[in-house]
Structures are given as C-alpha cells and as structure tokens.
Asker: 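Following this message is one structure expressed as structure tokens.
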Amino acid sequence: MPPMNRDLLINAIADALAAIGIEPDGAIELERPAQRDHGDWSTNIALATAKGAARNPRELAADLVESLEAASLDGVAKVELAGPGFVNFYLENASIHDIVRHVVDAGDSFGSADIGGGLRVNVEFVSANPTGPLHAGHARGACFGDTVARLLSHIGYEVTREFYINDRGVQMQTFADSLAARKAGQEPPEGGYRGQYIVDWAAAMPDDADPFEWGYARALDDQRSVLASLGIVFDRWFSERSMIETGAIEAALSALAERGVTYEADGARWLASTRFGDDKDRVLVRSNGEYTYLAPDIAYHRDKFSRADRLINVLGADHHGYVVRMKAAMEALGEDPAHLDMPITQLVKLMRDGEEVKISKREGDLIELAEIVEEIGVDATRFTYLLQSVSSPQTFDLALASSRAMDNPVYYVQMAHARMAGIVRNATEVGTERLPLADVDLSPLVHERELEVMRQLATFDEIVVLAASEHLPHRVTTWLREFAAAVHGFYHDCYVVGEGIEPELTQARLWLVEASTIGLRVGLGLLGVSAPEEMR
RNA sequence: GCGCCCGUAGCUCAACCGGAUAGAGCACCUGCCUUCUAAGCAGGAUGUUGUGGGUUCGAGUCCCGCCGGGCGCGCCA
C-alpha cells in the first residue's frame with residue numbers, strides 16, 4: 001500500500017513519541033475518523049498515555065503534534081490537535097491518488113492479503129439432512145458460509161467447503177419408508193414425511209428402485225443443484241455413513257477412551273464433557289448400543305482436524321447448544337478449541353409487503369430455497385441475506401428484495417458498476433483512447449467527489465481482512481453500499497468524456513473509473529454477486 | 001429456572017480495539033435530465049441507543065440488576 005499506509009504513520013508516531021520522551025503502554029491505535037473534517041487518520045495515543053505519563057492529555061498531544069511537524073512526514077499535508085487530545089492527520093492529494101495505482105495494479109486481487117499464509121481452513125455449512133429439498137431456513141447459512149469461504153480464500157487461507165451428510169439413522173429410514181408408502185399409494189407411516197415433494201418424488205421413482213438409496217440420491221441432487229444455482233459449490237460432501245465403513249467412529253471413541261475422558265454409567269458410554277466446560281456430561285453410546293448423534297459428529301470433527309488447521313462450522317440458531325459440547329469434545333481429544341469456530345446464524349423472518357410469510361406452507365412442506373431464488377434472483381438472494389450481521393435476527397422482505405427499484409440495495413450497487421462500464425463504452429464510441437496509467441498524471445483529480453471515491457477505495461483492504469477474520473461478510477456489503485454512493489456521486493458531478501473536459505482530466509478520470517470498476521467487481525465477487533456491464 | 005442471541009430514527013439496519021456532533025436506506029417534503037443509464041444526484045425533518053446503576057478522560061460498545069422478544073436446555077438430530 002501507498003503512503004496512506006497506517007504502518008508508516010504508526011512508526012512515525014512512535015518516533016515522535018520517543019522524541020518527546022513518552023513510552024506508549026500499548027499498541028498505537030490509528031483509526032479513520034468518522035467525520036471528514038477530522039482528517040484522514042487519527043490517533044488517540046495522547047489520551048491513552050496521558051494518565052501513565054502523569055500529563056495533561058491536550059498538552060501531551062500538542063507536544064506530539066510539534067514533534068510530528070518537525071519530522072515533516074511524506075505525503076502528510078497537516079497534523080492537527082483536536083478535541084480532548086486527538087491528533088489528526090490530513091493527507092496530501094498526491095498520496096490519496098496513489099490508491100488508484102494500487103487498485104489498478106492489484107486488479108482482481110484487490111483487497112487480497114497473505115494473512116492466512118496458506119493455513120488450511122475447513123468451512124462446513126448447510127449440512128442439511130438428505131431427506132428433502134433445501135428450504136428457506138437453510139438460505140442464510142448457505143450464503144454466509146460460502147461468502148466467509150470466499151473471504152478467507154482472498155486473504156490467503158487454503159479453503160475447503162464441506163457439506164456433512166447425515167445419511168444414516170432414523171431420519172433417513174423414515175424418509176425411505178415415506179417414499180415407499182407413497183409409491184404404493186399409501187399414507188406415510190406415523191411420524192413420517194408428509195410433504196407434497198414426497199408424493200412427487202415417489203411418482204418419479206422407478207418400481208425396482210431401493211427407496212432409501214434412490215431417495216438419498218434424489219435429495220442430494222436436488223440440494224446440490226439449488227446450491228450450484230446460487231454459486232455455491234462444495235469441495236467435499238462428507239458422508240456420515242462412510243465413517244461406519246472406515247471405522248472412524250470407533251476410532252474416535254477409542255481415542256477418547258485412551259485419554260480417559262469417557263466412562264460407563266447406566267449401561268451407556270459417556271463423555272466427561274463437564275471437565276471441559278460443558279454443563280453436563282453427554283452420552284456417546286446409548287444403553288441399547290446405538291450411537292447418539294454426538295459420536296459420529298465427534299469422529300467427523302476429528303477427521304476434519306486431521307485435514308485442516310482451522311475449522312469453521314456454521315450453525316443455525318436452533319443448534320447453538322451444540323457449540324460448547326463440541327468444543328469440549330475437541331479439547332478432550334487434545335485439539336485447541338480456539339481452532340474450532342462455530343458461528344451461529346440467527347433466524348430469518350420472511351415478509352412480503354409487510355406481512356409475515358410462514359416458512360411452513362402445508363403439512364410437511366416448507367418454502368423451498370429454489371422458490372426464493374426463482375422469485376427474486378440469485379444476486380438479490382445472496383446480497384439480501386448478506387445485508388446484515390448474522391448474529392442478529394433478520395427480517396427479509398421478499399417483495400422488496402425482488403423489486404427492480406431503487407429501494408433495492410443490490411441494484412444500487414450493480415448500477416454503479418454498470419455506469420462505470422457505460423463510461424468506458426462511451427469513451428470507446430467517441431474514440432477516446434485511454435493511455436497507459438504510467439503515462440497519466442492523476443493530479444487533476446481534486447474534485448471532492450473524486451477524492452471521496454479514492455478515500456473509500458483505500459479502506460477496502462482493511463474491511464476485507466476484518467470481514468474475513470471475524471466472519472463478518474456484511475461488512476463488505478456495507479462497504480459496497482457506501483462505495484457505490486461515492487461512485488454515483490462521482491458519476492453525477494464529474495463527466496469523464498464530453499465537451500469542455502480537458503484531455504488530461506479525461507485520462508485521469510478514466511483511470512479512476514477503472515479503479516472504481518475493480519472495487520465494485522471485487523467486492524461484489526466476494527459476495528458471489530455479479531457485476532453487470534449494463535442494467536437495462 | 002439455566003444458557004446463547006437480540007433490543008439504536010415511523011420501518012429495515014450500520015457503527016472497526018471503548019473515541020470527537022450515533023450513521024445509511026426506505027417512507028415523507030423540495031429541487032435537478034440540451035454531454036457518460038433519473039435503477040441517479042442534492043437539500044429538508046426524524047433519536048432519553050429498552051431501562052436503572054457501575055467502571056473512566058470518554059460507554060450504543062465493557063460489568064451488574066431489571067423489562068421485552070427469539071432460540072436452546074433428551075440415552076432426539
């Protein structure tokens with residue numbers, strides 16, 4: 001990064017502090033002020049160290065400013081004392097211009113970093129039972145998990161997307177029995193699956209098919225295809241059943257036993273999870289000899305740890321109770337529980353024109369994810385699910401998300417991209433050729449709209465790192481909305497080609513257009529949303 | 001009863017590690033198309049951040065207590 005880089009400024013601040021004999025107790029914090037007139041960067045170091053140094057914060061800050069001014073920092077136009085003791089930095093336009101070269105050089109790797117250093121991250125998400133189509137309740141976790149995977153990959157992790165298939169146990173058998181019953185023209189058994197899709201699938205099932213295997217394959221195909229339509233492709237579909245064959249479950253149970261963290265009681269085998277922070281011990285093998293759900297899940301996580309350095313397991317709100325016991329189980333196996341992250345996605349309430357839409361339609365039938373995608377489109381589906389922090393409950397208005405109007409944020413952002421593309425088309429049509437960036441002087445970019453676009457671009461790197469490492473994809477969505485606003489403003493007030501615009505300005509602006517295009521394209525791409533050339 | 005998440009403008013939501021005057025969009029009102037898409041731009045109004053304490057230079061953010069909502073608390077998954 002260019003001289004706007006925080007590390008350089010932090011070093012300068014450290015030097016200036018040393019020069020006035022102050023030793024900071026912690027790291028020097030540098031933040032981007034919320035308000036424009038507080039400059040481009042700001043540090044609270046004087047406030048933070050004043051107490052330890054037994055100094056008045058404002059006086060200390062004044063000394064710091066003086067010391068910084070004496071150092072006459074490259075690219076910094078002004079250093080100012082403000083408020084109770086903040087020190088604000090104002091950059092010269094020339095250092096703001098550098099972001100354009102940075103973005104253009106980076107291209108599609110704009111915002112990428114090497115934080116991960118090739119560390120292997122396994123992201124498990126969706127993991128729905130293979131007993132029917134994916135429904136609306138799966139959508140948020142699907143969009144979230146995939147986007148977290150994209151983000152981590154962008155900052156240098158080696159990412160595997162994984163789907164765990166619960167393909168054994170009572171649920172599957174009930175599903176198979178329900179299919180068989182419908183095939184025979186009968187009602188599903190007591191407690192069976194009663195959805196319309198069972199009737200439809202049974203009708204499509206060949207007479208000689210095994211309902212269990214056929215239904216399993218049908219459900220997987222169905223889930224796989226709707227996910228693919230959303231741009232979500234898993235690297236691995238991990239079968240629970242396969243662990244019976246490989247003996248992985250028994251191996252995991254033995255490993256726990258060897259570590260002395262299991263015991264027998266009441267005819268069952270227990271995991272002493274309370275030793276690792278759980279509020280009660282958990283049964284692994286029931287007194288009838290069957291595994292609880294936990295045993296294969298532990299074996300599965302153990303397997304993932306053998307293949308990856310960090311695990312992420314995206315869960316729905318109704319499974320949050322699972323977090324502590326799985327971490328306990330991993331710790332019991334000698335893994336570092338901090339290497340297992342289990343983000344919880346809170347529930348989504350669906351609305352249409354202000355009225356709540358119930359996720360369950362008829363008995364056994366839920367609103368399918370495919371229906372949502374069909375109604376509002378892939379881009380709007382992903383963008384809308386990624387609009388907010390998943391730790392908050394979400395209200396999702398289908399009518400709003402499907403509207404092509406300006407009240408739909410996804411089109412607002414895409415429109416900004418289409419407009420940039422339109423400028424390039426227009427330039428080509430009138431025969432204006434863009435010169436190589438190395439030959440273009442960016443100093444004509446002094447309009448407040450232009451500066452705002454560049455300032456926003458300069459924040460992207462840190463937003464991506466934050467969004468990826470804290471699993472906060474909505475930070476990218478928010479950035480895109482703000483950036484798009486800056487781009488629309490620039491578009492409106494700064495004509496790029498046309499009469500009365502100096503050729504030098506046109507050249508500089510064409511490169512700002514290019515940088516903006518990259519910013520929008522990369523940001524949208526991280527969310528899995530397309531960046532259209534036109535929106536007609 | 002215990003645990004997790006949430007409570008911010010009329011509505012939907014932001015707010016990086018505790019920072020300066022809590023921000024956007026929608027809805028409402030007013031302007032702007034004779035050069036690149038008006039799916040846009042500009043301006044206006046909107047707040048006891050559920051509530052009561054505490055911590056400190058500074059709290060929407062951290063701690064404690066209440067109120068309200070969601071989800072869990074099985075030898076189900």
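Every chain is numbered from 1 and lettered A, B, ... according to where its sequence line falls, protein lines coming before strand lines. Atom set for the values below is all heavy atoms of this structure, side chains included, hydrogens, waters and symmetry mates excluded.
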Asker: Is a donor-acceptor contact shorter than 3.5 angstrom present between the side chain of A:Thr478 and the base of B:rA15?
Answerer: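 Absent.
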Asker: Return no unless some side-chain N or O of A:Arg286 is found under 4.0 Å from OP1 or OP2 of B:rG74.
Answerer: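 Indeed not, no polar side-chain atom of A:Arg286 lies that close.
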Asker: Tell me if B:rC6 is syn or anti. Syn = glycosidic torsion within 90° of 0, anti otherwise.
Answerer: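 Here the answer is anti: the torsion falls beyond 90° from 0.
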Asker: Measure the OG1-CG distance between A:Thr43 and A:Leu9 for me, rounded to the nearest 0.5 Å.
Answerer: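 Separation between the atoms: 9.5 Å.
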Asker: Is there a donor-acceptor contact under 3.5 Å linking the side chains of A:Asp379 and A:Gln414?
Answerer: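 Their side chains do contain a donor-acceptor pair, which is all the 3.5 Å distance test asks for.
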Asker: Give a yes or no on whether a salt bridge exists between A:Glu162 and A:Lys304, defined as a side-chain N under 4.0 angstrom from a carboxylate O.
Answerer: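 The answer is no: the pair does not qualify as a salt bridge.
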Asker: Which part of the nucleic acid, if any, lies within contact of A:Gln394, taking any heavy atom under 4.0 Å across all strands shown: a base, the sugar-phosphate backbone alone, or nothing?
Answerer: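 Sugar-phosphate contact only.
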Asker: Would you classify A:Ser389 as touching base, sugar-phosphate or nothing, given that sugar-phosphate means primed atoms plus P, OP1 and OP2, and contacts are heavy atoms under 4.0 Å?
Answerer: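 Sugar-phosphate: the residue A:Ser389, judged by heavy atoms under 4.0 Å, touches backbone atoms but no base.
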Asker: With sequence neighbours excluded, what pairs up with A:Arg382 under the salt bridge (Lys or Arg N to Asp or Glu O under 4.0 Å) test?
Answerer: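 Once residues adjacent in sequence are excluded, the partners of A:Arg382 under the salt bridge (Lys or Arg N to Asp or Glu O under 4.0 Å) criterion are A:Asp146.
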Asker: Could you check whether A:Asn88 gets within reach of a base, just the sugar-phosphate, or nothing at all, counting any heavy atom under 4.0 Å?
Answerer: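 It contacts base atoms.
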Asker: Is any side-chain heavy atom of A:Phe483 less than 4.5 Å from a side-chain heavy atom of A:Val453?
Answerer: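 A side-chain contact exists here, since the closest heavy-atom pair is under 4.5 Å.
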Asker: If you compare every side-chain N and O of A:His474 against the phosphate oxygens of B:rA15 (OP1, OP2), does one of them come in below 4.0 Å?
Answerer: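 It does, given that an N or O in the side chain of A:His474 lies less than 4.0 Å from OP1 or OP2 of B:rA15.
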Asker: Regarding A:Lys280, tell me which of base, sugar-phosphate or nothing describes its non-hydrogen contacts under 4.0 Å with the strands shown.
Answerer: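 Result for A:Lys280 = sugar-phosphate.
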Asker: Can you say whether the rings of A:Phe460 and A:Trp479 are parallel (under 30°), tilted (30 to 60°) or perpendicular (over 60°)?
Answerer: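 Judged by the thresholds at 30° and 60°, the geometry between A:Phe460 and A:Trp479 is tilted.
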Asker: Protein-nucleotides 35-37 of chain B N/O pairs closer than 3.5 Å?
Answerer:
{"unit_1": "B:rU35", "atom_1": "O2", "unit_2": "A:Glu499", "atom_2": "N", "d": "3.3"}
{"unit_1": "B:rC36", "atom_1": "O2'", "unit_2": "A:Gly422", "atom_2": "O", "d": "3.2"}
{"unit_1": "B:rC36", "atom_1": "N3", "unit_2": "A:Val496", "atom_2": "N", "d": "3.0"}
{"unit_1": "B:rC36", "atom_1": "N4", "unit_2": "A:Tyr491", "atom_2": "O", "d": "2.7"}
{"unit_1": "B:rC36", "atom_1": "N4", "unit_2": "A:Cys494", "atom_2": "O", "d": "2.6"}
{"unit_1": "B:rC36", "atom_1": "N4", "unit_2": "A:Tyr495", "atom_2": "N", "d": "3.4"}
{"unit_1": "B:rU37", "atom_1": "OP2", "unit_2": "A:Arg536", "atom_2": "NH2", "d": "3.4"}
{"unit_1": "B:rU37", "atom_1": "O5'", "unit_2": "A:Tyr491", "atom_2": "OH", "d": "3.2"}
{"unit_1": "B:rU37", "atom_1": "O2'", "unit_2": "A:Arg419", "atom_2": "NE", "d": "3.0"}
{"unit_1": "B:rU37", "atom_1": "O2'", "unit_2": "A:Arg419", "atom_2": "NH2", "d": "3.4"}
{"unit_1": "B:rU37", "atom_1": "O4", "unit_2": "A:Met535", "atom_2": "N", "d": "2.5"}

Asker: Of all the nucleotides listed (B:rA14, B:rG40, B:rC75), which has the minimum atom distance to the side chain of A:His488?
Answerer: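 Out of B:rA14, B:rG40, B:rC75, the nucleotide with an atom closest to A:His488's side chain is B:rG40.
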Asker: Using the test salt bridge (Lys or Arg N to Asp or Glu O under 4.0 Å), find all partners of A:Glu59 that sit at least two apart in sequence or belong to another chain.
Answerer: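 Expected list: none.
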Asker: Checking A:Arg521 now: which residues fulfil salt bridge (Lys or Arg N to Asp or Glu O under 4.0 Å) with it, not counting sequence neighbours?
Answerer: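 Here the qualifying residues are A:Asp108.
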Asker: With the criterion set at under 5.5 Å between ring centres and under 30 degrees between planes, would B:rA20 be stacked on A:Phe86?
Answerer: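 So A:Phe86 counts as stacking on the base.
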Asker: A:Gln388: what forms a side chain to side chain contact (heavy atoms under 4.5 Å, CB included) with it, not counting sequence neighbours?
Answerer: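 Checked A:Gln388 against side chain to side chain contact (heavy atoms under 4.5 Å, CB included); matches are A:Arg140, A:Gln394.
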Asker: Please tell me if the side chains of A:Tyr291 and A:Met243 come closer than 4.5 Å, counting only heavy atoms from C-beta onward.
Answerer: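 With C-beta onward as the side chain, the pair stays apart.
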Asker: A:Asp281 or A:Leu466: which one's nearest nucleotide on RNA chain B is closer to the 5' end?
Answerer: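 With A:Asp281 and A:Leu466 compared, the 5'-side residue is A:Leu466.
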Asker: How would you label the contact of A:Asp266 with the nucleic acid (heavy atoms, under 4.0 Å): base, sugar-phosphate, or nothing?
Answerer: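 Contact class for A:Asp266: base.
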Asker: Is the gap between the ring centers of A:Phe144 and A:Tyr385 under 6.0 Å?
Answerer: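 Between A:Phe144 and A:Tyr385, the centre distance exceeds or equals 6.0 Å.
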Asker: Which part of the nucleic acid does A:Thr292 contact within heavy-atom distance under 4.0 Å: base, sugar-phosphate only, or nothing?
Answerer: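 Contact class for A:Thr292: sugar-phosphate only.
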Asker: What integer number of Å spans the C1' atoms of B:rA9 and B:rC16?
Answerer: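 Nearest-Å result for B:rA9 against B:rC16 at atom C1': 23 Å.
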Asker: If the plane angle is over 60° it's perpendicular, under 30° parallel, otherwise tilted; pick one for A:Trp270 and A:Tyr263.
Answerer: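 It falls in the parallel class, under 30°.
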Asker: For A:His154, give me all partners under side-chain hydrogen bond (donor to acceptor under 3.5 Å, both in side chains), at least two apart in sequence or on another chain.
Answerer: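 So A:His154 forms no side-chain hydrogen bond (donor to acceptor under 3.5 Å, both in side chains) with any residue.
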Asker: What one-letter contact string describes nucleotides 54-64 of chain B from 5' to 3', where B marks a base within less than 4.0 Å of any protein heavy atom, S marks contact via sugar-phosphate atoms alone, and - marks no contact?
Answerer: --SB-------
Asker: Which helical stems does RNA chain B take part in, if a stem means at least 3 consecutive Watson-Crick or G-U pairs with both distances below 3.5 Å?
Answerer: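 Stems for RNA chain B, defined as runs of 3 or more consecutive pairs: B:1-7 with B:67-73, B:10-13 with B:23-26, B:28-32 with B:40-44, B:50-54 with B:62-66.
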Asker: Heavy atoms from C-beta onward define the side chain here; which of B:rC71, B:rC16, B:rC41 lies closest to that of A:Tyr412?
Answerer: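 For A:Tyr412, the side-chain atoms sit closest to B:rC41.
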Asker: Return the set of residues passing side-chain hydrogen bond (donor to acceptor under 3.5 Å, both in side chains) with A:Asn44 (not counting sequence neighbours), or none when no residue passes.
Answerer: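 None.
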Asker: Can you list, in residue-number order, the parts of residues 128-135 of chain A that come under 4.0 Å of RNA chain B, counting heavy atoms only?
Answerer: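 By residue number: none to list.
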Asker: Across nucleotides 4-10 of chain B, 5' to 3', mark each nucleotide with B, S or - according to how protein heavy atoms within less than 4.0 Å reach it.
Answerer: BSS----
Asker: With under 30° as parallel and over 60° as perpendicular, where do the rings of A:Tyr412 and A:His488 fit, or are they tilted in between?
Answerer: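 Tilted, since the angle between the ring planes falls between 30° and 60°.
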Asker: For A:Val87 and for A:Glu470, locate the closest nucleotide of RNA chain B by heavy-atom distance; then report the residue assigned to the nucleotide nearer the 5' terminus.
Answerer: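 Its nearest nucleotide being more 5', the pick is A:Glu470.
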Asker: Please determine, for the side chain of A:Arg449, which listed nucleotide (B:rA77, B:rG70, B:rC41) has the closest atom?
Answerer: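 Between B:rA77, B:rG70, B:rC41, the one nearest the side chain of A:Arg449 would be B:rC41.
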Asker: My understanding is that only residues two or more places apart in sequence, or in another chain, count here; which of them pass side-chain hydrogen bond (donor to acceptor under 3.5 Å, both in side chains) with A:Ser287?
Answerer: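 By the side-chain hydrogen bond (donor to acceptor under 3.5 Å, both in side chains) rule, A:Ser287 matches no residue at all.
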Asker: Under 4.0 Å between a side-chain N or O of A:Arg36 and OP1 or OP2 of B:rG23?
Answerer: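 Checking A:Arg36 against B:rG23: no side-chain N or O falls below 4.0 Å of OP1 or OP2.
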Asker: Scan A:Ala317 against the nucleic acid and name what it touches under 4.0 Å (heavy atoms): base, sugar-phosphate only, or nothing.
Answerer: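 Counting heavy atoms under 4.0 Å across all strands, the contact made by A:Ala317 is with sugar-phosphate only.
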Asker: If every non-hydrogen atom of A:Ala50 is compared with every non-hydrogen atom of A:Asn56, which pair is closest and at what distance?
Answerer: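 Nearest heavy atoms, A:Ala50 then A:Asn56: CB-C, 4.5 Å.
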Asker: B:rA24 P sits how many Å from A:Glu452 CD, rounded?
Answerer: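 These atoms are roughly 11 Å apart.
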Asker: Just call it for A:Glu29: base, sugar-phosphate, or nothing, with non-hydrogen atoms closer than 4.0 Å on any strand.
Answerer: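 Result for A:Glu29 = base.
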Asker: Can you check whether A:Arg32 has a side-chain N or O nearer than 4.0 Å to OP1 or OP2 of B:rA15?
Answerer: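 No, no such contact exists.
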Asker: Counting any heavy atom closer than 4.0 Å, what does A:Ala82 reach on the DNA or RNA strands: base, sugar-phosphate only, or nothing?
Answerer: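 Since a base atom lies under 4.0 Å of A:Ala82, the category is base.
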Asker: I want to check something: taking the side chain as every heavy atom from C-beta on, are A:Leu480 and A:Leu520 in contact at a cut-off of under 4.5 Å?
Answerer: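 The answer is yes; the side chains approach within 4.5 Å.
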